[in-house]
Amino acid sequence: MKPHRRILVTSALPYANGPIHLGYLLEAIQTDIWVRFQRLRGNECLYVCADDTHGTPIMLKAQAEGISPEQLIEQVNVEHRRDLADMLISLDNFGSTHSAENKVLCERLYIALREAGHIERRTIRQAYDAVANMFLPDRYVKGTCPNCATPGQYGDSCEACGATYTPADLKDPISVVSGTRPIERESEHYFFRLSKFDADLRSWITEGAVQESVARKLEEWFSQGLRDWDISRDAPYFGFEIPGAPGKYFYVWFDAPIGYLASFTQLCERIGVRFDDFFAAGASTELHHFIGKDILYFHTLFWPAVLQGAGLRRPTAVHAHGFVTINGQKMSKSRGTFITARRYLDSFSPEYLRYYFAAKLGPGIEDLDMNLEEFTARLNSDIVGKLVNIASRCAGFISKSSGGKLAASLADRDLFAAFTARAEQIGAAYESLDYAGAIREIMALADRANQYIDQRKPWMLAKNSENAAEVQAICTQGLNFFRTLMIYLSPVLPVMAAKSALFFGEAPWCWSTAGTPLLGTTIQPYEALASRLDMKAVAGLIEPAAAEIAAPVTAAPRAAAPGAVAPGAAAPAMISIEDFARIDLRVAKILSAELIPGADKLLKLRVDLGEQGERDLFAGIRAAYDPANLVGRLTVVVANLQPRKMRFGTSAGMVLAAGPGGKDIFLLSPDSGAAPGMRVK
RNA sequence: GGUGAGGUAGCUCAGCUGGUUAGAGCGUGGCACUCAUAAUGCCGAGGUCGAGGGUUCGAGUCCCUCUCUCACCA
């Protein structure tokens, strides 16, 4: 018997600027299966999470929606809680980083770090938006790459050539908040002296706190030398003000992981657990963080160093996983594959997704592809065809010929023992996050159960009432196989497992229940535990989103939030890359251009869009261009603009041009080599 | 560009410290069965293990080079 473990587990904090989606669910499900497994084994396992609510993106999104950041994060919090609960994520507490508890803890940890000499003040130069009156994070400055001259790059690195730099290096920089050119300004910032923790972190990592492949990845960062970490941001910033530093706020990534502690504090108060049991230096309890591989840096370097520096314990382990792709591609709003938890839950059982993810999830950090056809086939085959089928084909005989009573002894003890003998291996697979391995083992047993029933053919024996005892024995054996398998699967399929326990007339199971067969008791009438998935319905997970794209883009309501930074009047609202992808820009060849009688600003153009064929559109460029000079040239048009009826006909698109109007208007042209129909992106 | 991960049957993946004819599930072809949600069982077809080179008695498994995919870069 293993000693009783006391474990605190977290999932990464979802950012409070959008809904829970399948990518985050992979993490929540991975964590929850592990948590439920630990509880099933009889360990004390507490599971907390919270919304990550601070930072510039939240501040600007709230402004764009005309509400306060507090209102925004409250709305999102309600949705997040509901989505996770409906996904059967067994959180003990779901809090928010914008909580009183978190404020207290941030200050406490910060002061502890300061007292210990881990904080240093430095003056830095940073891009500043003089119109919006705010310092700009690197991602909020765009401009032309100083290395390869690709325009439209973010302030930290170039997506075209991969160069990294600072916003000051950009050519022609603009603030994406106001659209104006940022200036440089000095500001005093607070740095956490991460570089002092190099040796401690290295030993922590070699002690098995992370997966091996992750450790290799971290080696890169160590070999480059750890840089100190800027943990402060200037006002205006949605977050907590730093004690003793008016106008300075904790960077969102400083207060986010502390949100784990804050959420845990709330749980401690509610159920009477001692915070120090889990966080005092040298605590004998376990602390496990589950995260996506994108935030490794924060959780494997900053976070353990901050904890240690503040005199607290370090995590036992940080478990990283890969991302979800849909049908082989990144989730994308424009492809309709950005599937939210809600969209999934509107049509399907949470357990199906839990099973599918579990069946494909290993301990590594590879991405997991969700193929919708495979999802359907896998669920129908494994759950309905194999697993549930065992109960379904045995229960009827027990009810009819034995009055619902199970036989008093097992027909085949050895085969049952073969099932229970796998418990250790399956448990080890769960423990090491090799859920796919666990599922493989379990399904192999399900095959053996079906084989057993097939060989004994109870349906043949049942034709003669003399064989009643034998039929009962076979089906008792079969149902016990099913029971064992459901116990093994209960971390993945908690509701089906609970229903199955009721079907057997038993109290909720624990892991060791599987070791003893259930005999001589009366079972309940069998009711279907799962129903088949329809491929068409599953495909619908994607199509509704695609339909949304076709709808006209409505501008986000914008209102000047009182007391907050008002973006400059000329500032377009921020859009995401997905929003941009909705606009189908195409290279077009102008086939003909003609004057329109009665229209003094318009020209009628016929353009060639390659595979999209030819179409007519009107352009308000008559004052600037002679039709004869336009024929044959290439330009760029918006190809998916809603057709617009005009007095002279219907315009099926829009030509891109810049300038105030009249004679000062300038058509865009692609460089030579572009062909009609090419997508501009 | 740097780094990491990955490239094994149509699909999704197992293959531990190198060792007999490379495995599973799904899909597919055939047969059987009809208790079970067109569920189940049996038999079969399908792979020069990304490419090339090397080490070895022997390599999917180790080393080198190349190539493709994905991710991360504070």
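Just so it is clear, the values below take in all heavy atoms, side chains as well, and ignore hydrogens, waters and symmetry mates. Lettering follows sequence order; numbering is per chain, from 1. A quick note: this is a predicted structure, and the numbers were derived from the prediction, not measured.
- Within 4.0 Å (heavy atoms only), A:Ile295 reaches no atom of the nucleic acid at all.
- Across all strands shown, B:G6 pairs with B:C68; the Watson-Crick or G-U wobble distances both stay below 3.5 Å.
- Contact annotation for A:Lys386: backbone-only contact, meaning every heavy-atom pair under 4.0 Å involves sugar-phosphate atoms and none involves a base.
- Considering only the side chain of A:Asp367, B:C70 comes nearest among B:U40, B:C70, B:C13.
- Picking from B:G41, B:C72, B:A5 the nucleotide with the shortest atom distance to the side chain of A:Arg216 gives B:A5.
- Using a 4.0 Å cut-off between charged side-chain N and carboxylate O, A:Asp234 and A:Arg185 make no salt bridge.
- Proximity note for A:Arg440 (side chain, C-beta onward) versus B:A14, B:C35, B:G25: the nearest is B:A14.
- Between the A:Gln211 side chain and the A:Pro363 main chain, a donor and an acceptor come within less than 3.5 Å of each other.
- To the nearest whole angstrom, the two P atoms, one in B:C63 and one in B:G4, are 13 Å apart.
- Taking every side-chain heavy atom of A:Glu374 into account, B:U12 is the closest of B:U40, B:U12, B:G25.
- Across B:C68 and B:A51, the matching C1' atoms stand 10 Å from one another, rounded to whole Å.
- Checking B:A39, B:U40, B:C72 against every side-chain atom of A:Asp454, the shortest atom distance belongs to B:U40.
- Among the protein residues, A:Val388 comes within range of the nucleic acid bases, having at least one heavy atom under 4.0 Å from a base atom.
- Within 4.0 Å of A:Ala530, counting heavy atoms only, lies at least one base atom of the nucleic acid.
- Pairing of B:A24, defined by two Watson-Crick or G-U wobble distances under 3.5 Å, is identified with B:U12.
- For the pair A:His289 (side chain) and A:Val318 (backbone), a donor-acceptor distance under 3.5 Å is absent.
- Checked by atom type and distance alone, the side chain of A:Tyr344 pairs as donor or acceptor with a backbone atom of A:Ser349 at under 3.5 Å.
- Annotation: of the two residues near RNA chain B, A:Lys400 and A:Ile365, the 5′-most nearest-nucleotide partner is A:Ile365.
- Summarising the geometry, the separation between CD on A:Glu373 and C1' on B:G25 is reported as 16 Å, rounded to the nearest angstrom.
- Taking CG from A:Leu493 and CE from A:Met486, the interatomic distance works out to 5.0 Å, rounded to the nearest 0.5 Å.
- Heavy atoms of A:Met460 sit under 4.0 angstrom from primed sugar atoms or phosphate atoms, though from no base atom.
- Straight-line distance between the P atoms of B:A22 and B:C49: roughly 11 Å, to the nearest whole Å.
- Contact annotation: A:Gln451 reaches the phosphate of B:C42 (side-chain N/O to OP1 or OP2, under 4.0 Å).
- Taking only side-chain atoms of A:Glu366, from C-beta outward, the nucleotide of B:A71, B:A5, B:C35 with the closest atom is B:A5.
- Listed nucleotides B:C72, B:G25, B:C35 differ in distance to A:Phe397; the shortest reach to its side chain belongs to B:C35.
- Across the P atoms, B:U69 and B:U17 are found 29 Å apart, a figure rounded to whole Å.
- Within the nucleic acid shown, A:Arg378 has no heavy atom closer than 4.0 Å to any nucleic acid atom.
- If you check every strand for non-hydrogen atoms under 4.0 Å, A:Gly396 touches nothing.
- Of the candidate nucleotides B:A71, B:C13, B:C26, B:C26 has the atom nearest to the side chain of A:Ala377.
- Checked against B:A5, B:A71, B:A36, the side chain of A:Phe323 finds its nearest nucleotide in B:A71.
- Residue A:Glu527 is the one, among A:Glu527 and A:Ala446, whose nearest nucleotide of RNA chain B lies closer to the 5' end (criterion: closest heavy atom).
- In this entry B:G47 has no Watson-Crick or G-U wobble partner, no candidate having both defining distances under 3.5 Å.
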